[in-house]
Amino acid sequence: MTEKTAAEKTVAETATGKKTAGKKAAGKKTAAAGKAVTKKAVTAKTATKKAVASAVAKKSVAKKAGTKKAVAAKRSVAREAPPAGPLEVALSPALDADDRERLLHGTHHQPHAVLGAHPAPGGIVFRAFRPYARSVAVVTGDLRAELHDDGDGFFSGLLPLREVPAYRLVVAYEDTVQETEDPYRFLPTLGDLDLHLIGEGRHEELWTVLGAHPLTHQDVAGTRFCVWAPNARAVRLAGAFNFWDGIGYPMRSLGSSGVWELFVPGIGEGELYKFDITRPDGSRTQRADPMARRTETPPATSSVVEASHYEWGDEEWMARRGERPAHEAPLSIYEVHLPSWRPGLTYRQLAEQLPAYVRELGFTHVELMPIAEHPFGGSWGYQVTGFYAPTARLGTPDDFRFLVDALHRAGIGVLMDWVPAHFPRDDWALAEFDGRTLYEHEDPLRAAHPDWGTLEFDYGRREVRNFLVANAVYWCEEFHIDGLRVDAVASMLYLDYSREPGQWTPNEHGGRENLDAVAFLQEMNATVYRRVPGVVTIAEESTAWDGVTRATHHRGPSGFGGLGFGLKWNMGWMHDSLEYMSHEPVYRRYHHGEMTFSMVYAYSENYVLPISHDEVVHGKKSLVSKMPGDWWQQRASLRAYLAYMWAHPGKQLLFMGQEFAQGAEWSEEHGPDWWLLDPAYGAEADHRGVRELVGDLNSVYRSTPALWERDTSADGFAWVVGDAADDNVLAFLRRDADGTPLLAVSHFSPVVRHDYRLGVPDDIPAWYEVLNTDAGRYGGSDVFHPDPVKPEPQPWHGHPASVRLTLPPLSTVWLRPA
């Protein structure tokens, strides 16, 4: 219990000279509580110098029951006394009934207008809303004044001061006393320009103004909390610091922006919080912060106050990463699901192993499956709830920065899967965030994603578009991500995607294109490329949409400007080539066109050839298990296929585990079967041989510009023979910018073909073998060409000269000029 001295009584002299003493037990209402006309005077001054001198001598002592230590005694000293004579109190400092009810029920949109300190006739009115407090006092300089208990946690007083001072509150609870700043004495932390840009949907650094930000405001350390919730009747802040009861932390509405703000002194990094939102119908919901930059580890759902202290060491990488456009540079991608690559490792532990492994294999980049926070691990990160927070399963945001930094210092770029197509319906996240449709489209047919039970974003709403565009920039700027692979682009582009007739509404032109999504993707790409030179955006787009990788200002035959991506996944190549490889060699002749059709459209976009996680899960088998025949033939076909893929125009992507011919499908629960590479395992050499091949493929690829420099130009490719279906042979030339060629020959039959004649240019004196997938060290039969192969002056396949080769079984051979 708190002991009160006589000095803690509040005394004020009225205009008639009569005195009113107001001392009540904590928690009880005054007889006139809720009436606007009630007058309460709560100053620690009198109008005479005698009373001032008396007040200086008084002390207030409080005890903490939990620690049994006395709180330091505080002097209640008056500032300069008001002019001599009686002081007239012109109004009651207590809140009126309406404001009280709105604050108690969480429907007040301007708490700062009634709480805190405000000039008034007769002085400065102080009001505090501290539910469960026994008493509240104002301390400014040497002055301490006890506020009157108005009941229901409201305290008020009128001090005869000329201006609002810097002050603190001393709040006594049943077993503790706290001296703290008053959150309601601070000016807004957001400026007019920020609010204007938010309203226009043009704030490209949205993460710097919304969310939770530790900062110093008006010389006081604390955290600024801001959230966009335009449909809310009111928003309150709940967290571990107030026992998840936001009643005493109402936020203010910043005009028509839909933004709610509160600066809370004394709150810093690591605090847990949510927003307690009063919906339009009066019901309440607690929501995680859409802009949270850190979250609790799932299944916990709270947001965490975060500030980065990381010091980057990748200056050299960042300075040179934009020297060459991605489509004209070597780009060989290792796709990784971080939580299962080495299960149990944190970001920092992964930084000790992943860069070294990827560098040894020779990949230029890793592509991380979605890193943003997601509640269900089985979604692999493709159902995001925390768009601005790296998943806490593996560590903090700075820990993730450490991993990216380590990869960059190892010379490896970092791409990240980004998911702006949809979000889950969890009732603590984005779905009907403030009581009405907000991030999702207001039309239920447009909002519900038909395939995944999720919700689609409303790309036509400027604030939602801003949320996503800024998010793309955020990952690139704050985490030094080198590129974004945008998931499920096709589902965004088409109004009728996975929908039957009657389940969708045409656009304003009567078409099925989602014009809002088109505009969003164009804005996102244009903004990212403008702000972050050197990055690349990659579309996972499975249709023949015209101009996915065309510049946004260039219109195509369809009338649309390009979407502005740098690269696009070639889903057609992936499906066709895997279909061909799945057939027994004797039947492949009937499917030969599946291997050649990709060259019909190879230069319509800038392509990536993806063998991704989607192809090795859910009954689709691992890559080696897709191949027919016995174990030797399966591995041989896999090796031949990989070398064919590396030589084909386009960049390469390979999912983890496939680089060493894992026989089982991938599972996020246990990741790759690393034990297959254990020397104690009997078939270890079979798997290590495939991994050796992948390393050599990348090594030769990176040192051979013909394989990547003209990926997007028809001048960089020429068929030697594309119609040898009966032989299961494909042969073509790749050329670099100087015209230097590489000859790639794939033979998908399990027999040896001797003296197989192939046409070649006549200006190359000899060819030598730089890669042969049938090499013994890869697990092959070791049929190879030890000596340079010299052309003969016999025209063949439309070329002026020809060479005779021995084609190994189920193999791909690369030859370069000697």
Side-chain angles (χ1 to χ4, degrees), residues 106 108-113 115-116 181 183-218 220-239 241-242 246 249-269 271-278 285-295 302-308 386-389 429-430 433-435 438-439 461-464 466-471 473-474 478:
H108 208 298
H109 72 288
Q110 283 296 343
H112 292 71
L115 299 178
E181 298 283 354
Y184 299 94
R185 81 170 181 86
F186 294 92
L187 297 171
T189 54
L190 264 63
D192 290 340
L193 178 58
D194 286 322
L195 295 176
H196 172 76
L197 292 173
I198 291 171
E200 290 290 316
R202 297 289 181 181
H203 205 305
E204 295 177 0
E205 297 180 356
L206 192 65
W207 69 91
T208 65
V209 290
L210 297 185
H213 292 270
L215 50 81
T216 298
H217 181 48
Q218 294 177 218
V220 175
T223 296
R224 174 187 69 202
F225 295 89
C226 294
V227 62
W228 178 62
N231 297 311
R233 292 179 65 183
V235 181
R236 300 186 287 195
L237 183 66
F241 50 87
N242 60 15
Y249 288 78
M251 303 177 71
R252 66 175 144 208
S253 173
L254 298 179
S256 61
S257 65
V259 175
W260 301 78
E261 182 259 7
L262 182 65
F263 175 74
V264 183
I267 296 296
E269 296 175 48
E271 289 284 358
L272 305 182
Y273 71 99
K274 283 187 177 181
F275 295 114
D276 189 325
I277 297 173
T278 302
T285 178
Q286 280 197 357
R287 298 296 178 121
D289 183 359
M291 301 291 298
R293 290 167 293 141
R294 183 179 173 188
T295 69
S302 296
S303 303
V304 183
V305 177
E306 172 70 1
S308 175
F387 281 81
Y388 284 78
L430 295 184
F433 180 75
D434 58 4
L438 188 65
Y439 289 91
R461 184 159 191 167
R462 57 182 179 270
E463 296 95 341
V464 174
N466 192 174
F467 173 81
L468 293 170
V469 171
N471 187 241
V473 174
Y474 168 77
E478 291 292 321

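All values below come from the heavy atoms of this structure, side chains included, with hydrogens, waters and symmetry mates left out.
- Looking only at side-chain heavy atoms (C-beta outward), Glu181 and Val264 stay at 4.5 Å or farther from each other.
- The minimum heavy-atom distance between Leu430 and Pro290, with the atom names listed, is CD2-CB, 3.6 Å.
- Nearest approach of Pro265 to Phe186, heavy atoms of both residues: CG-CE1, 3.4 Å.
- Taking both residues in full, the closest heavy atoms of Pro214 and Glu269 are given as CG-CG, 3.9 Å, listed atom of the first, atom of the second, then distance.
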Test log, rule side-chain contact (heavy atoms from CB on, under 4.5 Å), inputs Met291 and Val227: CA-CA 8 Å; Met291 301 291 298; Val227 62; over 6 Å; no
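- Counting only N and O atoms by type, the side chains of Arg202 and His196 include no donor and acceptor under 3.5 Å apart.
- If you take CG on Leu254 and NE2 on His109, they are separated by 11.0 Å, rounding to the nearest 0.5 Å.
- The heavy-atom pair separating Thr295 from Val304 by the smallest distance is C-CG2, 3.5 Å.
- From Leu190, atom CG reaches atom NE2 of His213 across 9.0 Å, with rounding to the nearest 0.5 Å.
- Side-chain N/O atoms of Tyr249 and Asn242 include no donor and acceptor closer than 3.5 Å.
- Under the 3.5 Å distance criterion, the side-chain polar atoms of Trp260 are matched with a main-chain donor or acceptor of Ala229.
- For the ring pair (Phe, Tyr, Trp, His ring centres under 6.0 Å) with Phe467, the lone residue among Trp228, Tyr474, Tyr388, Phe433 that qualifies is Tyr388.
- Leu210 has its side chain within reach of Ile198: a pair of non-hydrogen atoms, C-beta onward, lies under 4.5 Å apart.
- A donor-acceptor pair under 3.5 Å is absent between the side-chain atoms of Ser303 and the main chain of Lys274, judged by distance alone.
- Here the closest non-hydrogen pair linking Ala212 and Arg293 is O-NH2, 2.5 Å.
- Taking CG from Leu187 and CD from Gln218, the interatomic distance works out to 4.5 Å, rounded to the nearest 0.5 Å.
- Using a 4.5 Å cut-off on side-chain heavy atoms (C-beta onward), Arg185 and Val220 make contact.
- Interatomic distance, OH of Tyr273 versus CD of Gln286, reported as 13.0 Å (0.5 Å rounding).
- In this structure, Leu468 CG and Tyr439 OH are separated by 9.0 Å, a value rounded to the nearest 0.5 Å.
- Side-chain atoms of Arg252 never come within 3.5 Å of backbone atoms of Tyr184 as a donor-acceptor pair (strictly under, hydrogens ignored).
- Side-chain contact between Met251 and Phe275: present, with at least one pair of heavy atoms (C-beta onward) separated by less than 4.5 Å.
- Considering only heavy atoms from C-beta on, Ile267 comes within 4.5 Å of Phe225 through its side chain.
- For the residue pair Gln110 / Ser253, no side-chain donor-acceptor distance below 3.5 Å is found, with atom types taken as modelled.
- Looking at heavy atoms from C-beta onward, Thr223 lies out of side-chain contact with Glu271 at the 4.5 angstrom threshold.
- You'll find the side chain of Val235 stays beyond 4.5 Å of the side chain of Asp276, heavy atoms only.
- Residues Val473 and Glu205 are not in side-chain contact: their nearest non-hydrogen atoms beyond the backbone lie 4.5 Å or more apart.
- How far CG of Leu262 is from CZ of Arg224: 12.0 Å, rounded to the nearest 0.5 Å.
- When all heavy atoms of Ile277 and Asp434 are compared, the closest pair comes out as CG2-CA, 4.0 Å.
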